[in-house]
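Model, not experiment: these values are computed from the prediction.
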Amino acid sequence: MGRGKIVIRRIDNSTSRQVTFSKRRKGLIKKARELAILCDAEVGLMIFSSTGKLFEFSSNRQFMGEQLYGLSVKELKGLESQLEMSLQGIRMQKEQILTDEIEELNEKSNLVHQQNMELFKKVNLIFPEKMELLKQVYGTTAVNSDSRNACIPFGMSTSDDSHVPNQLQLRRPNQQT
């Protein structure tokens, strides 16, 4: 008994659609490879996914450096220029992707720096209240106002250089006896 016919229409479930795309893509590439081998045909196949990702297959052996013995110098130069143009396009695409990633990381870095500065300001707003509570608990002689930097965690400075990112360093807490 054979398989039933399926209706050819867009698959609604995104997971099923991706699985079907992957399986059918592999099947198409396999058939293209078989056609090239069995019939000694030059086959080129390009598949673009819904996200724009390119999948390709090519049986043109000259691009792989094979079967070049019958080509003239002019044909070889043409082949070389095609390969160089393809390589240049690939390098440009790679450079664009890396540039985009660097910009994204810089934006994330700036956002984290801004959040750190906001947290630092909150710590500075809470600090006078903390000092007042310490004075009430331990008395005025036990709490020195010069110890302000010692009470701020993780080695943050109290200077107001909001345009310069802080170099945060974790320190082990002092052991109290």
- Task: Find the distance between CG (Leu35) and CZ (Phe57) and round it off to the nearest 0.5 Å.
- Result: 9.0 Å

- Query: Does any non-hydrogen side-chain atom of Met46 lie less than 4.5 Å from one of Leu54?
  - Reply: yes

- Message: Membership question, hydrophobic clusters at under 4.5 Å side-chain separation (ILVMFWY): are Leu28 and Val43 in the same one?
- Response: yes

- Query: If you look at every heavy atom in Ser81 and Gly78, which pair is closest and at what distance?
  - Reply: OG-O, 2.8 Å

- Message: Quick check on the hydrophobic clustering: are Met131 and Tyr138 connected, directly or via other members, by side-chain heavy-atom contacts under 4.5 Å?
- Response: yes

- Task: Nearest 0.5 Å please: distance from the CG atom of Asn106 over to the CD atom of Glu101.
- Result: 12.0 Å

- Message: Taking salt bridge (Lys or Arg N to Asp or Glu O under 4.0 Å) as the definition, give me every residue that meets it alongside Glu104, ordered by chain and number, with sequence neighbours left out.
- Response: Lys108

- Distance-only donor-acceptor check, side chains Asp100 and Gln96, under 3.5 Å: yes

- Could I get the full list of side-chain contact (heavy atoms from CB on, under 4.5 Å) partners for Ser50, not counting sequence neighbours? none

- Decide whether Leu76 and Leu83 are clustered together by the hydrophobic rule: side chain heavy atoms of Ile, Leu, Val, Met, Phe, Trp, Tyr closer than 4.5 Å, transitively. yes

- Task: Measure the spacing between CE of Met92 and OG1 of Thr99 and express it to the nearest 0.5 Å.
- Result: 11.0 Å

- Output yes when a side-chain donor or acceptor of Ser86 lies under 3.5 Å from a complementary backbone atom of Gln82, and no otherwise. yes

- Look up atom CD in Gln18 and atom OG in Ser14, then write down how far apart they are to the nearest 0.5 Å. 8.5 Å

- Note on the structure: Here the salt bridge (Lys or Arg N to Asp or Glu O under 4.0 Å) pairs for residues 77-96, sequence neighbours left out, are none

- Message: Looking at Gln88, I'd like to know if its CD atom is crowded, meaning that more than 12 non-hydrogen atoms belonging to other residues, nucleotides or ligands lie closer than 6.0 Å.
- Response: no

- Give a yes or no on whether the backbone of Asn13 and the side-chain of Ser16 come within a donor-acceptor separation of less than 3.5 Å. no

- One should read off an interatomic distance between Asn116 CG and Leu111 CG, to the nearest 0.5 angstrom, of 10.0 Å

- Message: Test side chain to side chain contact (heavy atoms under 4.5 Å, CB included) on Ile47 and Phe21; report intermediate values, then the result.
- Response: CA-CA 10 Å; Ile47 304 170; Phe21 173 79; 3.9 Å; yes

- Task: To the nearest 0.5 angstrom, please state how far the CZ atom of Arg24 sits from the CD1 atom of Ile29.
- Result: 14.5 Å

- Identify whether Ile102 and Leu105 are in the same connected component of the hydrophobic contact network (ILVMFWY, side-chain heavy atoms under 4.5 Å). no

